[in-house]
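These notes are about the structure you will find just below.
Given the structure is predicted, the values throughout are model-derived calculations rather than measurements.
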Amino acid sequence: LHVSLSPDVVLSLIVLPDVLCVTVIQGQDDWGVTYTSTQICALQGSTVEMPCTYRYPSTMSHQTTELVKRLWFTKGSNKAPVDLKTDSDYTGRVEYFFDNDDCTLRISDLRERDSAEYKFRFITNHDGFTGSPGVTLSVTDLQVQVTRSWTQGELRCHSSCNVPDNPSYVWFNNGQKMDGETSSSLRVSVEDNNSYSCAVTGYEDYRSPPVYGPKFPSVSVSPSAEIVEGRSVTLTCSSDANPAAKYTWYKKNGNPELQPLSENTSLVFRSIQSSDSGEYYCTAENELGRRTSRSISIDVKYAPKLPSVSVSPSAEIVEGSSVTLTCSSDANPAAKYTWYKENVKLRPPIEEQQLVLTSIQSSHSGQYTCRARNSLGSNTSKPISIKVKCE
């Protein structure tokens, strides 16, 4: 693989085991930059060095070559680079080692955003030269990967690129260092309610985010006001967990083989019905444990359903006897009742669930209806006919 750098200089990239080196094939003018490694992986928070040397002709056109400027950059172009020393993203973290032909760069307190291609450029009184392609830096943080096998979990300290030198690791249990654990993997018991994190030895301040089983789930209802039949209602389950928890919703109904209603963080009723009233709960589960929430009660309010009217006794009604008419309607909140004869409210008004006619007379014969009402609406029964037989 050859990369042209100028009309007189060609770089040859030679792939060696584990290291990609750049060797300069000198052109007639002998300009060049050599990077010891062109691919570097480093941990967040650590310090990295990018070894580099450069060369240029001592004279050109019988005039001594003098260095005017040397710099490293990631931003800008080869002709108009932004010096890392003046880049606010690197303030106080960059050092140059410009002794003789050395052009090594050191960056400390690495951050993920430092991942980039770094190039060295030098300018003389004759010309300028940029070592391109440069050094690609990948800054990685640590993550704990979790797999589960029955009652055990296996934790693995993982980085997105291969950190050199096969480092040893440090594991932490609830923030406390675990003695004797230096491997990149760790076995733990599921449901132990502990949190675990890892770091590379020597960089204990740059730990991975902790992993842990779900905390006690919280449940909420939206809207939080009165729940009315036909409206949309959402129950939400949330739990602090890493890895993120998976959620399952259940309704209490006494059935030991409960079927889940939803396997999402939310249980949504697009048009909630009175039959949806009841108690609900959720579970939160990940590879390190499972927790169950408290129950939340859903009380669906609705206007009265169509009332029904019954007559007692149901046999023939004889003048002088006592008859009771009862009105029933399913409603929440409970309904209040008003009685009508021939669609006219009885006088004085009867606003009880039962209409009692004592010592009934033929004048009581007729069509009776009842009206059930609550704060959400009203409904009127079908008429029932009362016929009083004279003795």
Any side-chain to backbone donor/acceptor pair from [X] onto [Y]? Under 3.5 Å, distance only.
{"X": "N332", "Y": "V300", "result": "yes"}
{"X": "S61", "Y": "Q63", "result": "no"}
{"X": "N374", "Y": "P333", "result": "yes"}
{"X": "W72", "Y": "R106", "result": "no"}
{"X": "T124", "Y": "D127", "result": "yes"}
{"X": "N264", "Y": "L267", "result": "no"}
{"X": "T326", "Y": "Q354", "result": "no"}
{"X": "S185", "Y": "R156", "result": "no"}
{"X": "S115", "Y": "V139", "result": "yes"}
{"X": "N194", "Y": "N174", "result": "no"}

Check the hydrophobic clustering (I, L, V, M, F, W, Y; side-chain heavy atoms under 4.5 Å; chains of links allowed) and say if [X] and [Y] are grouped together.
{"X": "V219", "Y": "L261", "result": "yes"}
{"X": "M178", "Y": "V188", "result": "yes"}
{"X": "V82", "Y": "Y118", "result": "no"}
{"X": "V309", "Y": "L346", "result": "yes"}

State, without any angle test, whether [X] and [Y] hold a side-chain donor-acceptor pair at a distance under 3.5 Å.
{"X": "K345", "Y": "T338", "value": "no"}
{"X": "Y302", "Y": "D330", "value": "yes"}
{"X": "T147", "Y": "E154", "value": "no"}
{"X": "D83", "Y": "Y96", "value": "yes"}
{"X": "S168", "Y": "T201", "value": "yes"}
{"X": "S378", "Y": "R373", "value": "no"}
{"X": "Y212", "Y": "N286", "value": "no"}

Heavy-atom pair with the smallest gap, counting every atom of [X] and [Y]:
{"X": "L155", "Y": "W171", "result": "CB-CH2, 3.8 Å"}
{"X": "T104", "Y": "C52", "result": "OG1-N, 3.4 Å"}
{"X": "M60", "Y": "W31", "result": "SD-CZ2, 3.5 Å"}
{"X": "T380", "Y": "P307", "result": "C-CD, 3.8 Å"}
{"X": "P304", "Y": "N379", "result": "O-ND2, 3.4 Å"}
{"X": "P217", "Y": "A284", "result": "CG-CB, 3.9 Å"}

Do NZ/NE/NH1/NH2 and the carboxylate oxygens of [X] and [Y] come within less than 4.0 Å?
{"X": "E287", "Y": "R148", "result": "no"}
{"X": "D109", "Y": "R111", "result": "yes"}
{"X": "K301", "Y": "D299", "result": "yes"}

Between [X] and [Y], is any pair of side-chain heavy atoms under 4.5 Å apart?
{"X": "P133", "Y": "E117", "result": "yes"}
{"X": "L137", "Y": "V135", "result": "no"}
{"X": "I317", "Y": "I360", "result": "yes"}
{"X": "K382", "Y": "T369", "result": "no"}
{"X": "V48", "Y": "I40", "result": "yes"}
{"X": "L325", "Y": "I384", "result": "yes"}
{"X": "D141", "Y": "Y206", "result": "no"}
{"X": "F122", "Y": "K69", "result": "no"}

*Relative to F73, does K75 satisfy both conditions: NZ or CZ under 6.0 angstrom from the six-membered ring centre, and within 45 degrees of the ring's axis?*
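Output no; distance or angle outside limits.
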
*Geometric cation-pi criterion, R207 with F172: 6.0 Å, 45°*: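 Flagged: R207 positioned over aromatic ring of F172.
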
Taking atom [atom1] of [X] as the centre, does the number of heavy atoms from other residues, nucleotides or ligands within less than 6.0 Å exceed 12?
{"X": "E342", "atom1": "CD", "result": "yes"}
{"X": "E263", "atom1": "CD", "result": "no"}
{"X": "K246", "atom1": "NZ", "result": "no"}
{"X": "E352", "atom1": "CD", "result": "no"}

Atom [atom1] in [X], atom [atom2] in [Y]: separation rounded to 0.5 Å?
{"X": "Y54", "Y": "C103", "atom1": "OH", "atom2": "SG", "result": "7.0 Å"}
{"X": "S138", "Y": "L43", "atom1": "OG", "atom2": "CG", "result": "12.0 Å"}
{"X": "E319", "Y": "S365", "atom1": "CD", "atom2": "OG", "result": "8.5 Å"}

_For T47 and L110: C-alpha separation, side-chain torsions, deciding distance, then whether side chain to side chain contact (heavy atoms under 4.5 Å, CB included) applies._
CA-CA 6 Å; T47 297; L110 285 173; over 6 Å; no

_Validation row, ring centre Y280 to ring centre F269 under 6.0 Å_ =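 Ring centroids of Y280 and F269 are less than 6.0 Å from each other.
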
*asked:* Determine whether the aromatic ring centres of residues F120 and F98 are separated by less than 6.0 angstrom.
replied: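 Close enough - the centres of the two rings lie under 6.0 Å apart.
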
_Determine whether R291 and K215 satisfy the following criterion, side chain to side chain contact (heavy atoms under 4.5 Å, CB included), listing intermediate values before the conclusion._
CA-CA 7 Å; R291 297 293 294 272; K215 307 298 184 185; 5.5 Å; no

*How is the hydrophobic cluster of V190 composed, in terms of its other members, when Ile, Leu, Val, Met, Phe, Trp and Tyr link through side-chain heavy atoms under 4.5 Å apart, directly or indirectly?*
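When side chains under 4.5 Å apart are linked, V190 ends up in no cluster with other residues.
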
*Please report the C-alpha distance between Y337 and S329 in whole Å, then the side-chain angles of each, then the deciding distance to 0.1 Å, and finally whether the side chain to side chain contact (heavy atoms under 4.5 Å, CB included) criterion is met.*
CA-CA 9 Å; Y337 299 93; S329 174; 3.9 Å; yes

*Are L84 and T74 close enough, and set up right, to give a side chain to side chain contact (heavy atoms under 4.5 Å, CB included), and what steps lead you there?*
CA-CA 7 Å; L84 287 182; T74 63; 4.2 Å; yes

*Provide the full list of side chain to side chain donor-acceptor pair (under 3.5 Å) pairs with a residue in residues 217-228, sequence neighbours left out, each pair given once.*
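Non-adjacent pairs meeting side chain to side chain donor-acceptor pair (under 3.5 Å): S218-S238.
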
